[in-house]
2 protein chains.
Amino acid sequence: MKTNETETVQSVERAIELLYCFTTRTPELSLNDIVKRTGLNRTTVFRLLSSLMKKELINKNAAMNTYRLGLPFIHFAQIVTENLDLRKMALPIMNELNEITKETISLNIIQGASRICIEKLEGKEDIRQFINLGIPYPLYKGASGKLLLAFSKDELIEEVIEGSGLTKNETAELKKDLLLFQEQGFAFSMDERIIGAFAISTPILNSQQQLIGGLSISGLSARLDNNKQLFIKAAIQSAEKLSAMMGYQKLGG
Amino acid sequence: MKTNETETVQSVERAIELLYCFTTRTPELSLNDIVKRTGLNRTTVFRLLSSLMKKELINKNAAMNTYRLGLPFIHFAQIVTENLDLRKMALPIMNELNEITKETISLNIIQGASRICIEKLEGKEDIRQFINLGIPYPLYKGASGKLLLAFSKDELIEEVIEGSGLTKNETAELKKDLLLFQEQGFAFSMDERIIGAFAISTPILNSQQQLIGGLSISGLSARLDNNKQLFIKAAIQSAEKLSAMMGYQKLGG
DNA sequence: AGAACACGTTTCATAATATGGAACAATAGA
DNA sequence: TCTATTGTTCCATATTATGAAACGTGTTCT
């Protein structure tokens with residue numbers, strides 16, 4: 001069997017074709033409806049539907065022997081839109097921050113037990129903080145990582161600490177930082193992950209008050225001096241604007 | 001091979017497991033991430049991903065060799081929520097209508113080129129309009145069907161008329177009705193699909209001004225007399241309330 | 001700089017697995 | 001009542017999914 005184009009799995013493709021049969025106009029389909037629409041064998045459709053049902057992508061309306069799309073799609077869509085929106089909506093705000101600070105701006109998310117940068121704007125100064133897109137960095141080091149960790153669930157924090165190889169003292173130090181960052185709503189570091197560099201990082205939250213990413217300013221420590229308060233203020237404002245766009249609402253007092 | 005429990009397709013189940021690897025926290029995964037999470041063979045995951053990508057359920061971030069969920073999920077979620085919400089939110093409103101009118105209340109949607117009832121509340125009178133859930137009825141007959149048709153795309157109207165076997169005169173009559181229903185925002189019929197019965201039907205629209213269903217009051221013609229205007233008003237109010245819940249916003253003049 | 005490693009991708013032989021025809025049950029329609 | 005339609009189960013077949021191995025590339029470690 002020649003497969004120059006990348007190989008695919010027939011049954012999976014067919015199963016997805018079933019999903020595409022459902023539309024706003026036709027949200028409920030009988031087995032036979034699907035057979036007609038796809039042209040597949042009745043038995044095959046039945047088996048594919050069973051598989052989709054087992055994994056909850058399809059629900060059966062027993063009363064009328066029809067099938068419809070399952071609840072997990074709502075969750076999947078949330079994942080898609082959240083990240084789609086985050087990146088898209090972040091860019092103009094990152095640009096603003098970049099104009100104000102002239103430093104490198106980055107957008108980070110948690111990936112497993114690491115942090116990765118999913119978007120960056122390099123600084124305008126001759127000596128810039130360089131950032132790699134998509135490379136995993138530890139969550140227990142540097143402002144960007146620790147900020148994300150500070151707003152994460154305790155389980156993740158424990159998991160990260162375990163895998164970090166930090167000493168007891170270092171762990172205590174880290175936990176103190178996390179608490180501080182949580183309280184003040186931003187993270188600051190200097191000469192920590194990279195000697196000679198500073199970073200300020202702020203949390204982006206969604207409508208359920210969950211962390212979905214972090215916005216960071218980073219640059220040369222030497223340039224920070226009189227700008228620190230300004231940068232922090234700008235970073236917080238930007239993150240709050242982004243959070244609002246992602247549906248976050250500040251809890252009223 | 002003994003399969004007492006309903007048979008399923010391994011590769012489809014596995015493909016779905018891949019989808020479930022993506023979460024709000026980990027919206028971007030590398031092939032290897034997925035291999036670790038699922039415990040599946042690397043080649044298998046690669047092939048499943050290729051299949052999912054071909055059908056656009058997964059996108060590849062070429063820059064960093066990661067995968068993420070595709071846009072179609074947004075569409076699927078729309079289908080799910082629309083119908084989920086519709087039925088759930090409709091029930092209390094249908095109850096209100098039922099209290100006011102004492103007649104049978106039904107919730108209808110378009111299914112292919114037919115109308116089906118997806119929810120009903122039977123009347124409180126001794127002689128009631130009985131309604132079958134999930135049975136397809138023609139769209140060109142009766143208030144409930146014609147209302148749905150009136151708010152549908154021209155293509156569907158043409159398709160329905162073609163399959164209806166209506167004469168030229170009857171078609172003209174139907175089109176006149178559709179226009180009337182569209183203008184006045186409700187449909188009324190008497191002794192049409194069922195002799196001795198009346199029906200009043202009102203449209204439920206979503207945020208994109210699209211029809212997603214219809215709300216109907218139906219009962220014995222003999223009981224209607226002095227209630228007709230009251231029923232129409234109540235039906236319109238209920239449908240508007242439901243539409244608002246589904247995101248519909250009246251166009252400002 | 002060189003070696004070892006990790007990761008994505010391709011190839012290929014194997015048999016496990018998906019497939020569709022046929023038969024069955026249940027229900028609706030004539 | 002008989003026929004047609006639809007959902008479901010069973011089964012033999014070979015198509016199709018599978019995983020080991022190998023390849024190419026880029027990264028990390030020493």
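Numbers restart at 1 for each chain; the letters A, B, ... are given by sequence-line order, proteins then strands.
Electrostatic pairing of A:K175 and A:E158 counts as a salt bridge here, judged by a charged N lying under 4.0 Å from a carboxylate O.
Taking atom CE of residue B:M53 and atom P of nucleotide C:dG8, one finds them 13 Å apart after rounding to whole Å. When rounded to the nearest whole Å, the span between CZ of B:F46 and C1' of C:dC7 equals 12 Å. In this structure, B:L29 places its CG atom 11 Å from P of C:dG8, rounding to the nearest Å. Protein atom CZ of B:R37 is 13 Å distant from nucleotide atom P of C:dC7, rounded to whole Å. Going from atom OH of A:Y137 over to atom C1' of D:dT28 covers 14 Å, rounded to whole Å. Atom pair B:L18:CG and D:dA17:P shows a separation of 15 Å (rounding to whole Å applied).
There is no side-chain donor-acceptor pair under 3.5 Å between A:N59 and A:R68. For the residue pair B:D191/B:S221, the side-chain donor-acceptor check at 3.5 Å is satisfied.
Of the residues listed (B:I34, B:D33, B:V35, B:L40), the one engaging B:R37 in a side-chain contact (heavy atoms from CB on, under 4.5 Å) is B:D33, and it is the only one.
Of the two residues contacting DNA chain D, namely A:S30 and B:S11, the nearest-nucleotide position lying further toward the 5' end is that of A:S30.
Between A:K36 and D:dT5 there is no side-chain N or O to OP1 or OP2 distance below 4.0 Å. Under 4.0 angstrom from either OP1 or OP2 of C:dG8 there lies no side-chain N or O belonging to B:N65. Taking only side-chain nitrogens and oxygens, A:Q10 never comes nearer than 4.0 Å to OP1 or OP2 of C:dT17. At the phosphate of C:dA6, neither OP1 nor OP2 sits under 4.0 Å from any side-chain N or O atom of B:N32.
The aromatic rings of B:F198 and B:F188 lie parallel to each other, with less than 30° between the two planes, well short of the 60° mark.
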Side-chain donor/acceptor pairs under 3.5 Å, residues 10-20 of chain A, sequence neighbours excluded:
from  : atom 1 : to    : atom 2 : distance (Å)
A:S11 : OG     : B:S11 : OG     : 2.5
A:E13 : OE1    : B:K54 : NZ     : 3.2
A:E13 : OE2    : A:T8  : OG1    : 2.5
A:E13 : OE2    : B:K54 : NZ     : 3.4
A:E17 : OE2    : B:K55 : NZ     : 3.1
A:Y20 : OH     : B:K55 : O      : 2.7

Annotated protein contacts, base or backbone, on nucleotides 20-30 of chain C with a non-hydrogen cut-off under 4.0 Å, one of B, S, - each
BBB--------
Tell me, with the steps shown, if B:E170 and B:K168 meet salt bridge (charged side-chain N to carboxylate O under 4.0 Å, His left out).
CA-CA 5 Å; B:E170 288 167 333; B:K168 270 188 184 172; over 6 Å; no
